[in-house]
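The figures here come from the full heavy-atom set of this structure, side chains too, leaving out hydrogens, waters and symmetry mates. From a predicted model like this one, the values you see are computed outputs, not experimental measurements.
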Amino acid sequence: MDRTIVFTDGAAKGNPGPGGWGAIALTPDEMVTELGGGAPHTTNNKMELSGAIAALDAIVEVPGPVAIYTDSTYLIQGITQWVWGWRKKGWRTATGTEVLNRDLWERLFALTSARRAPGIEWHWVRGHVGTAGNERCDEIAVAFALQQPPDLYRGPMAGYQLDVLNVPGETSLPRRSAGSAGNAAKAKAYSYLSVVDGVPMRHTTWAECEQRVKGRSGARYKKATSAADEQAILLDWGVREPAR
């Protein structure tokens, strides 16, 4: 092994509600460390961030490149794309609102920036499709969310029961097609989506959507042109729960 491999995941029951995070770190000396934790009232996004932070904290003294696998587009896009604009704008979003979870983003940014080149590679894996490392992290996260902490493994890879080195060949972020994104503004609305405090909701009219997000810090909203577009928008936002 020429790099440290990390898997991480987060979960929240109710979003916000009781939550947990799970992580696995496999270091070049072929040692495996499972990590987990939780909070009584939190959000899925906070737990996604917490898992990544805990994993990087655990390997802070381990030199060399790191490959991180997660099913959170919110986590990957935030730390590889959005964070630069947030910092430049004084931790404000493009719409001028305060960035949610700023304390966690600042901690994650510090940890990633401290890694020497070649640094960290971020890989997206689809959740619940049998990727062993991702499935195990989800199990750990859910267990902590339910306040039923599982036994966590720490020891040699030879004694670990999961084949975490078996990962998908394609780990790029899913992308909405350029045509659908470019024509979205002109297309007839299928619905309007909003996310407030991590909770997604579907609206039939813009007035309903606007009423929900107006004056709410960190709220997100967008027009969807189809059911597939709804799913793509929620995925872009890092929201795994279906809109109500």
Side-chain angles (χ1 to χ4, degrees), residues 3-27 32-59 66-80 100-101 104-105 107-108 111-112 120-154 157 160-168 170-174 195 198-200 231 234-242:
R3 67 195 58 219
T4 296
I5 296 175
V6 167
F7 287 88
T8 181
D9 198 14
K13 300 300 181 181
N15 200 25
W21 57 266
I24 302 169
L26 174 58
T27 46
V32 177
T33 301
E34 290 188 340
L35 305 162
H41 189 75
T42 187
T43 66
N44 181 77
N45 286 340
K46 285 181 182 290
M47 293 295 93
E48 296 283 7
L49 286 162
S50 296
I53 290 168
L56 288 172
D57 264 331
I59 61 170
V66 178
I68 300 181
Y69 292 83
T70 173
D71 60 17
S72 173
T73 59
Y74 169 77
L75 175 60
I76 296 178
Q77 288 181 305
I79 197 59
T80 62
L100 292 178
N101 308 317
L104 297 175
W105 283 117
R107 177 60 180 154
L108 182 60
L111 286 165
T112 57
I120 299 171
E121 292 180 353
W122 293 88
H123 300 271
W124 179 79
V125 292
R126 189 176 299 278
H128 308 295
V129 295
T131 304
N134 177 258
E135 297 286 357
R136 175 56 178 162
C137 287
D138 179 68
E139 289 177 2
I140 295 171
V142 171
F144 273 95
L146 297 174
Q147 299 182 11
Q148 299 172 355
D151 293 330
L152 299 176
Y153 182 84
R154 183 182 180 88
M157 186 171 67
Y160 198 47
Q161 299 300 311
L162 299 178
D163 183 12
V164 291
L165 294 181
N166 186 8
V167 296
E170 175 55 54
T171 58
S172 301
L173 282 172
V195 173
V199 179
Q231 296 177 355
L234 292 174
L235 190 61
D236 282 344
W237 288 349
V239 177
R240 292 194 287 181
E241 293 186 6

Item checked: The single option from V66, T112, V6 passing side chain to side chain contact (heavy atoms under 4.5 Å, CB included) against W122 -> T112
Next item on the list: Report the distance from atom CD of E135 to atom NE2 of H128, rounding to the nearest 0.5 Å.
Entry: 6.5 Å
Checklist line | Minimum heavy-atom distance A55-A23, with the two atoms named | finding: CB-CB, 4.0 Å
Next item on the list: State, yes or no, whether a side-chain contact exists between E139 and D9 at a heavy-atom distance under 4.5 Å.
Entry: no
Note to self: As an exercise, state the distance from CZ of R154 to CG of L35, rounded to the nearest 0.5 Å.
What the structure shows: 8.0 Å
Item checked: Interatomic spacing from CD1 in I140 to OG1 in T8 - rounded to 0.5 Å -> 9.5 Å
Check: Are any non-hydrogen side-chain atoms of R136 and Y153 less than 4.5 angstrom apart?
Finding: no
Item checked: Pairs satisfying ring pair (Phe, Tyr, Trp, His ring centres under 6.0 Å), at least one member in residues 3-25, at least two apart -> F7-Y69
Next item on the list: Side-chain contact test, heavy atoms from C-beta onward, threshold under 4.5 Å: evaluate it for V125 versus V167 and give yes or no.
Entry: no
Next item on the list: Could you walk me through whether Q77 and L173 pass the side-chain contact (heavy atoms from CB on, under 4.5 Å) test, one step at a time?
Entry: CA-CA 9 Å; Q77 288 181 305; L173 282 172; 3.6 Å; yes
Next item on the list: Apply side-chain contact (heavy atoms from CB on, under 4.5 Å) to R107 and L49, showing your working.
Entry: CA-CA 9 Å; R107 177 60 180 154; L49 286 162; over 6 Å; no
Checklist line | Heavy-atom pair with the smallest gap, counting every atom of M47 and G38 | finding: SD-CA, 4.4 Å
Checklist line | Separation of L162 CG from E34 CD (nearest 0.5 Å) | finding: 7.0 Å
Notebook entry, point to check: Does I79 reach the side chain of W105, with side-chain heavy atoms less than 4.5 Å apart?
Noted result: yes
Next item on the list: Using a 4.5 Å cut-off on heavy atoms from C-beta on, say whether the side chain of L56 contacts that of I68.
Entry: yes
Margin query: If I take atom NZ from residue K46 and atom CG from residue L104, how far apart are they, to the nearest 0.5 angstrom?
Written below: 5.5 Å
Notebook entry, point to check: After noting the C-alpha distance and the side-chain angles of N101 and N45, does the key distance pass the side-chain contact (heavy atoms from CB on, under 4.5 Å) rule?
Noted result: CA-CA 8 Å; N101 308 317; N45 286 340; 4.0 Å; yes
Check: Would you say L165 and L26 make side-chain contact, with heavy atoms under 4.5 Å?
Finding: yes
Item checked: Over all atoms of both residues, closest heavy-atom pair of E48 and G10 -> OE1-N, 3.2 Å
Checklist line | Validation row: V164, V32 side chains within 4.5 angstrom (heavy atoms) | finding: no
Check: At their closest point, which heavy atom of T43 faces which heavy atom of A12, and how far apart are they?
Finding: C-CB, 3.6 Å
Checklist line | Minimum heavy-atom distance P18-T42, with the two atoms named | finding: C-CG2, 4.4 Å
Margin query: Has W124 got a side-chain atom pairing as donor or acceptor with T171's backbone, closer than 3.5 angstrom?
Written below: no
Checklist line | Any side-chain heavy-atom pair of T131 and D71 under 4.5 Å | finding: no
Item checked: Shortest non-hydrogen contact from F144 toward P150 -> CE1-CD, 3.6 Å
Check: At what distance, to the nearest 0.5 angstrom, does NZ of K13 lie from NE2 of H41?
Finding: 16.0 Å
